[in-house]
Amino acid sequence: HLRVISIFDSIRMNRKHSKTLRAIFVRPTSSAIVFQDIEALVVALGGQVTEREGSRVKVEIAGEFGVAIDAPGKEAKRYQVEELRELLKS
């Protein structure tokens, strides 16, 4: 996990982005990450979060389709965090 985080060290992130990134990679998977913090991190990494049909959102990083998340609430669910973790690893 430290190797993955070190890849992002060269990207300009504020303290909150760094904290969110660490929370995404912590085991066991946290379900207490605020979805707006995830959105801000994705944008800081050069990605985008776009609304899709219904209440789904699409998360893209480096032009790669990452995940389509159903109805994000205030906090991301564990499976959503795990999908984001896999996207960030690729």
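Everything numeric in this text was worked out from a predicted model, so none of it was measured. Residue numbers run from 1 in the order of the sequence given.
- When all heavy atoms of Ser30 and Ala23 are compared, the pair lying nearest together is CB-O, 4.4 Å.
- Here the straight-line distance linking atom NZ of Lys19 with atom CD1 of Ile33 works out to 10.5 Å at 0.5 Å rounding.
- Ser31 is listed as a side-chain neighbour of Arg78, based on a closest heavy-atom distance under 4.5 Å.
- By the side chain to side chain donor-acceptor pair (under 3.5 Å) test, Gln36 pairs with no residue at all, sequence neighbours left out.
- No side-chain heavy atom of Val57 sits under 4.5 Å from any side-chain heavy atom of Thr50.
- Here CD of Glu60 is found 5.0 Å from CD of Gln48. Values are rounded to the nearest 0.5 Å.
- Judged as a salt bridge (Lys or Arg N to Asp or Glu O under 4.0 Å), the pairs with a partner in residues 36-49 (not counting sequence neighbours) are, in order, Lys16-Asp37.
- Side-chain N or O atoms of Glu86 include none that pairs as donor or acceptor with a backbone N or O of Glu83 at under 3.5 Å.
- Checked against side chain to side chain donor-acceptor pair (under 3.5 Å), Thr29 has the following partners two or more places apart in sequence or in another chain: Glu82, Arg85.
- Distance check, rounded to the nearest 0.5 Å: CZ of Phe35 to CG of Leu84 gives 7.0 Å.
- Proximity of Leu41 to Ile24: side-chain heavy atoms (C-beta onward) are separated by under 4.5 Å at one or more points.
- Taken together through direct or relayed side-chain contacts under 4.5 Å among Ile, Leu, Val, Met, Phe, Trp and Tyr, Ile38 and Phe25 form part of one hydrophobic cluster.
- Among all heavy-atom pairs drawn from Ala76 and Val81, the shortest one is CB-CG2, 3.8 Å.
- At least one side-chain heavy atom of Leu45 sits less than 4.5 Å from a side-chain heavy atom of Leu88.
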